[in-house]
J.: 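Dropping the structure in here first, questions after.
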Amino acid sequence: MGLIWLPIMIPQWIIEKKRDGETLDPEELKFFIEGYTKGTIPDYQMAAMAMAIYFQGMSLDETATLTELMMNSGDLVDTSSIDKPKVDKHSTGGVGDKVSLLLAPLVACCGGAVPMISGRGLGITGGTLDKLESIPGYRVGLSDKEFVATIQACGCSMIGQTGQLAPADKKLYALRDVTATVPSIPLITASIMSKKLAEGIDGLVMDVKWGKGAFMRTYEDAQTLARTIVEVGTRMNKGMAALLTDMNQPLGLAAGNTVEVIESMEALKGNGPDDLMTVTLELCANMLTMVKIADSKKAAMEALQKQIDSGAAFECFKKMTELHGGDPRALDDYSLLPTASIQEDYVAPQDGFISEVSAEQVGRAVVVMGGGRSKTDDEIDHAVGITDIAKVGQRVARGDRLVTIHASDKGKLAEARKLLDKAFAFSDDEVTPPTLIKDVILPEER
Ligand code: URA
């Protein structure tokens with residue numbers, strides 16, 4: 001009987017290889033990720049590997065292999081019974097980014113299926129699940145069966161992580177957080193994509209945000225991340241596109257939880273602010289063309305606008321809310337949503353053109369009022385937030401409203417005011433508003 005030769009894998013030799021800038025073989029990555037998930041590779045060796053990757057980077061082949069291994073480290077959602085094209089969106093996160101709440105019903109009404117597994121807010125960036133939980137009764141914790149049934153009934157469902165989805169990422173992300181290895185493009189790519197692709201989708205559009213309120217501070221880093229993600233998804237036979245969008249100032253006019261649900265419902269009823277609608281419709285159009293529901297961007301845009309004008313997209317969100325146990329009446333009668341006891345304006349200290357509205361400071365103001373978390377297990381106050389946020393380029397006179405603050409406590413309101421003092425800058429000269437969508441990255445022709 002012939003012997004099967006198995007290579008001997010010694011963790012420190014593999015770490016050494018990456019440390020010295022060599023390319024890891026798929027078997028070496030498999031040994032590392034499977035071992036780490038099972039616990040046979042300890043945290044200290046994985047931390048050293050993450051640091052080696054941080055400094056040496058990874059080729060696209062290595063990044064794609066890592067993504068696939070992390071995706072397959074746990075359960076995959078079985079969406080095979082859904083016969084529509086399955087497509088989703090992921091945003092790297094920002095302040096006032098409520099796009100998912102509009103996008104899922106819009107794409108669903110146009111004939112797509114949107115199995116959206118979302119996250120909670122952490123730090124200044126809000127989370128879709130927290131926003132949805134502002135709606136009385138809305139359950140984000142559906143079983144896989146309920147998730148698929150909801151998508152079959154209304155075309156979309158928005159839930160929290162189910163079962164054991166990408167457990168390798170869960171463990172590795174927590175480790176990266178405490179070992180200064182989060183800002184690595186291959187590690188971020190594998191982390192985001194392993195979770196998204198476990199949803200069983202045919203296509204994914206990414207909203208890669210850059211700027212003061214974003215995870216990627218510079219445009220160049222955001223561009224590299226977007227290109228890497230598009231390439232890795234394409235190698236895994238998924239339809240891919242990535243938008244590079246500005247997150248120096250908040251998106252839309254509201255930041256918080258209830259206040260963002262209200263802004264989203266108004267947007268679905270046809271009253272959305274321009275910047276929010278521009279980003280949402282561009283992302284939706286890319287989703288529809290990617291999975292061939294629309295044959296051009298123009299056709300996609302027309303189909304999307306119809307879903308708003310006819311009220312279909314709003315009705316779809318209402319139906320999804322009901323299927324999740326939420327009270328759909330709250331989507332028309334906003335007094336049924338959590339409401340803050342204090343509402344006060346914050347006004348312009350001088351005349352001029354607004355040259356800066358810092359998404360970072362606005363996001364922090366929401367966090368200090370209790371609308372965001374500084375630790376993953378913090379409870380949040382859904383009622384607090386900031387609305388009517390003035391925009392870069394707007395001309396104001398001293399005493400004009402720049403925002404309205406919704407607070408539950410006088411002390412926290414005062415803290416929020418201090419942060420808002422740092423959020424705005426003014427110029428005597430006219431200011432051109434920033435370009436919202438700087439680029440759309442599509443897969444290279446093969
Ligand atoms: N979000 C993720 O899910 N993973 C990262 O590594 C960074 C942001």
Side-chain angles (χ1 to χ4, degrees), residues 29 33 36-37 43 46-47 49-55 57-58 62-71 73-74 77 88-95 97 99-100 116-130 158-162 164-199 201 204-211 213-218 221-233 236 238 240 242-245 247 359-360 363 372-376:
L29 284 167
I33 295 303
Y36 184 57
T37 312
D43 273 352
M46 192 67 224
M49 175 60 95
M51 191 58 88
I53 295 171
Y54 174 88
F55 280 114
M58 275 185 146
E62 285 175 295
T63 311
T65 304
L66 180 65
T67 304
E68 205 159 355
L69 287 165
M70 286 180 22
M71 176 183 90
S73 67
V77 181
D88 195 10
K89 184 242 12 166
H90 181 75
S91 158
T92 54
V95 177
D97 180 4
V99 166
S100 294
M116 192 180 277
I117 299 180
S118 304
R120 297 196 177 278
L122 186 60
I124 61 165
T125 59
T128 299
L129 299 182
D130 298 324
M158 302 162 89
I159 60 166
Q161 203 158 325
T162 63
Q164 277 280 86
L165 198 96
D169 176 63
K170 199 166 185 191
K171 232 177 140 183
L172 179 55
Y173 192 73
L175 185 72
R176 287 165 57 210
D177 205 23
V178 293
T179 54
T181 49
V182 170
S184 148
I185 301 258
L187 293 177
I188 296 171
T189 301
S191 169
I192 291 176
M193 295 294 279
S194 60
K195 286 174 289 204
K196 277 284 149 183
L197 299 184
E199 288 175 350
I201 46 176
L204 177 72
V205 64
M206 283 293 305
D207 183 2
V208 180
K209 299 198 172 290
W210 69 278
F215 184 57
M216 292 280 138
R217 290 298 168 119
T218 70
D221 283 349
Q223 217 174 15
T224 311
L225 178 63
R227 290 206 175 111
T228 309
I229 288 179
V230 167
E231 183 59 29
V232 165
M236 294 171 81
K238 306 295 171 192
M240 292 296 302
L243 267 63
L244 286 151
T245 65
M247 187 32 75
E360 183 176 19
R373 295 185 181 77
S374 27
K375 295 192 303 305
T376 40

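Counting starts at 1 for both ligands and their atoms, following the listed order. Please read these numbers as outputs of a predicted model, since none were measured by experiment.
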J.: Once side chain to side chain donor-acceptor pair (under 3.5 Å) is applied, do any residues pair with T179, and if so which ones, sequence neighbours excluded?
T.: T181

J.: So, using side chain to side chain donor-acceptor pair (under 3.5 Å) as the criterion, who are the partners of D207 when residues are at least two apart?
T.: K209, T245

J.: Do T37 and K171 get their side chains close enough for a donor-acceptor pair, meaning under 3.5 Å?
T.: no

J.: With sequence neighbours excluded, give me every salt bridge (charged side-chain N to carboxylate O under 4.0 Å, His left out) pair touching residues 177-195.
T.: D169-K195

J.: Hey, could you give me the CG/CG distance between L175 and D43, rounded to the nearest 0.5 Å?
T.: 5.0 Å

J.: Return the protein residues near ligand 1 (heavy atom under 4.0 Å from any of its atoms), ordered by chain and residue number.
T.: Y173, R176, I188, S191, I192, K195, F215

J.: Rounded at 0.5 Å granularity, tell me how far CG in D88 sits from CD1 in I117.
T.: 8.5 Å

